[in-house]
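Report on one structure; see the data block that follows.
Each chain gets a letter, A, B and so on, in the order the sequences are listed, and its residues count up from 1. Hydrogens, waters and symmetry mates play no part in the numbers below; they use all other heavy atoms, side chains included.
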There are 2 protein chains.
Amino acid sequence: MASEPVETTQLAAGSDVLSSPNVTRQSRVRKREDAIISAARHVFTTHGYVKATMAMIAREAGVADGTLYTYFENKDALARGVIADYYARLTQTAKQGVDSRRTTQTRLDFLARHHITSIMEERGIIEMLPLLSSRLSGYSKDELYGLNKTYVAVFDGLIREGRACGDIPGDADVAVLRDIFFGALDYGARSSLMRASGESARKTDITRLVNRLVGMIIGTSASTGSLADRLETVADRIETALKQVGH
Amino acid sequence: MASEPVETTQLAAGSDVLSSPNVTRQSRVRKREDAIISAARHVFTTHGYVKATMAMIAREAGVADGTLYTYFENKDALARGVIADYYARLTQTAKQGVDSRRTTQTRLDFLARHHITSIMEERGIIEMLPLLSSRLSGYSKDELYGLNKTYVAVFDGLIREGRACGDIPGDADVAVLRDIFFGALDYGARSSLMRASGESARKTDITRLVNRLVGMIIGTSASTGSLADRLETVADRIETALKQVGH
DNA sequence: CGCAATAATTGAAGTCTATTCAATTTAATT
DNA sequence: AATTAAATTGAATAGACTTCAATTATTGCG
């Protein structure tokens, strides 16, 4: 429809990004990617994934709309980029904090506080996760799956170490403890923010939850009722069998 | 641009919805609202909030695009409608199941299983929640906040009753236990689905998590007649499974 | 340094989707 | 049967994501 090549007016595109000597192309590209991710993080957290627009992000990053697409395939990929960056930072600071502490209890305590605090601060980011996790299957191929795995590995290591030196009793599946730990913290973050009470009230919320949680894990007494356990296993099998009959 | 009133061809709009006698307008409207919510639930769960389109929903509900907007203000409101409907059903079945059991242990156990099972089945629905919760403030005015509150009230009541009759030791804040309970179940549902192992593996995941969780709250272990309690749990589950086969 | 080749950037155009609204059909009422 | 009110329709609108041909910037080389 449009016929003539238009007189484009583009002036001084990257005027602020570069201008210092010996910056290689690669370094400038990396810098721009950072700028885009920062802008995206800001826009996503303030407006939410749905209402955030690519135009807003481009404007805040100081680039044209089209430029975003040379760095990220689409809006989805951009959001995933933001989350990936978040996980990287989270894992790094978590490891650091854990390493600088000695006892199992203080380490667990730190990890819990670190997690819930980060979540509450950058809540909008993790909220995008379920949106993006490509409908169930194929998620394990996703980069985010791996990043999440390395993050929670910090917790897993703590548990195993704690067991080895007798600080943590019981033999519950680490996966179960992990679900309880992170699940409670995520949910707790949400509900504390929703109550929307003041800063100090939230502090109290955090302390109560973290203490309880760590206490439960460290003080867990092993229920060794193997007979009962086996009974439930039997129930599992009966249920499965019945369902198969149904179909 | 378009000038002339067009010869519209609309034929037999509600031909399938009505056609029985003494259906009042109100009842037809209610039926149509149900149809829309059902269609929306289906489309939202299969495609996710973002990729689901109003046109898809309208088509599946058997109405014109515009009709959706006489029932729900916009896409957001429609999604909230779906969630509200979900919560209503969830609360009803939860209450019912709890009331039909006697001991604190079996009740808690049922509630946990009921929750995680429902979540896993209709996972896409609750995943929309964070998207819709109007950015923090003002959420307490939201209908969904109230519905969630009445739902978790079932758990709260259980805890208080359990304390009153000595089944649940300790004096931890109920809010903290609630965060741990529902948080662990939500998170556990996600991670079990993500591992995407088979049907029976997921059953085992659920059993492990629920047992641990209930054990932690009740104060655990094989102290007082837990074998008998667990036996009842097993009976519960067999009954439920049998009922499902029946349908 | 000048020039060709390559990479990055741009923004207008294309396409798809949520939402509106005037016209129309259907139900309730007198 | 006629009138009033409600519900429904679907084409039109506006705005968002994404593409791509044209343009600009950067690198490598003689």
Side-chain angles (χ1 to χ4, degrees), chain A residues 1-33 35-36 40 43-44 47-59 61-79, chain B residues 1-33 35-36 40 43-44 47-59 61-79:
Chain A
M1 304 300 179
S3 41
E4 307 297 313
V6 191
E7 284 290 327
T8 52
T9 345
Q10 45 209 52
L11 60 142
S15 60
D16 45 337
V17 180
L18 39 66
S19 79
S20 78
N22 71 346
V23 279
T24 168
R25 165 134 81 207
Q26 257 196 342
S27 81
R28 203 177 316 99
V29 161
R30 206 168 330 133
K31 220 162 215 161
R32 186 149 269 188
E33 183 168 328
I36 290 175
V43 175
F44 278 138
H47 295 89
Y49 178 85
V50 177
K51 294 211 193 112
T53 73
M54 296 299 270
M56 286 177 190
I57 295 170
R59 210 159 74 88
V63 299
D65 295 14
T67 305
L68 297 181
Y69 291 85
T70 66
Y71 288 87
F72 298 93
E73 198 183 338
N74 49 32
K75 193 181 179 184
D76 249 57
L78 179 49
Chain B
M1 303 301 181
S3 42
E4 306 299 312
V6 191
E7 283 291 327
T8 52
T9 346
Q10 48 208 51
L11 59 142
S15 58
D16 46 336
V17 180
L18 40 66
S19 79
S20 79
N22 72 344
V23 278
T24 168
R25 166 134 80 207
Q26 256 196 342
S27 81
R28 201 177 319 99
V29 161
R30 206 168 330 132
K31 225 167 209 153
R32 186 147 271 188
E33 182 167 328
I36 289 175
V43 175
F44 279 139
H47 295 89
Y49 178 85
V50 176
K51 293 209 192 114
T53 74
M54 297 298 270
M56 286 177 190
I57 295 170
R59 209 159 77 89
V63 299
D65 295 13
T67 305
L68 297 181
Y69 292 86
T70 66
Y71 288 86
F72 298 92
E73 198 184 340
N74 50 32
K75 193 179 179 184
D76 248 57
L78 178 49

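When all heavy atoms of B:Leu68 and B:Met54 are compared, the closest pair comes out as CD1-O, 3.4 Å. Taking both residues in full, the closest heavy atoms of A:His47 and A:Lys51 are given as O-CB, 3.5 Å, listed atom of the first, atom of the second, then distance. Between B:Ala35 and B:Ala61, the closest heavy-atom pair is O-CB, 4.0 Å. For the pair A:Ile36 and A:Tyr71, the tightest heavy-atom approach, listed with the atom from each and the gap, is CD1-CD1, 3.6 Å.
Here the nucleotide nearest the side chain of A:Met54, chosen from D:dT26, D:dT18, D:dT9, is D:dT18. Each of D:dT18, C:dA27, C:dT9 was ranked by its minimum atom distance to the side chain of B:Arg28; first place goes to C:dA27. Minimum atom distance to the side chain of A:Thr70 is reached by C:dT9, of the listed D:dC17, C:dT20, C:dT9. With C:dT10, D:dT8, C:dA8 as the choices, the nucleotide that has an atom nearest any side-chain atom of A:Thr67 turns out to be C:dT10. Taking only side-chain atoms of A:Lys75, from C-beta outward, the nucleotide of D:dC17, C:dT19, C:dT10 with the closest atom is D:dC17.
Heavy atoms of B:Tyr71 sit under 4.0 angstrom from primed sugar atoms or phosphate atoms, though from no base atom. Counting any heavy atom pair closer than 4.0 Å across all strands shown, B:Thr53 reaches sugar-phosphate atoms only and no base atom. Within 4.0 Å of A:Ala52, counting heavy atoms only, lie sugar-phosphate atoms of the nucleic acid but no base atom.
A straight line from OH of B:Tyr69 to C1' of D:dT9 spans 14 Å, rounded to a whole angstrom. Taking atom CG of A:Asn74 as the reference point, atom C1' of D:dA16 lies 14 Å away to the nearest angstrom. When the P atom of C:dT9 is taken as reference, atom CD1 of A:Ile57 falls 17 Å away, rounded to whole Å. Between A:Leu68 atom CG and D:dC17 atom P there is a gap of 10 Å when expressed in whole angstrom units. Distance A:Glu73 CD to D:dC17 P: 16 Å, rounded to the nearest Å. Atom-to-atom, CG of A:Asp76 to P of D:dT18 comes out at 8 Å; the value is rounded to the nearest Å.
Take A:Ala79 and apply the side chain to side chain contact (heavy atoms under 4.5 Å, CB included) test, not counting sequence neighbours, and it matches A:Phe44, A:Tyr49, A:Met128, A:Leu132.
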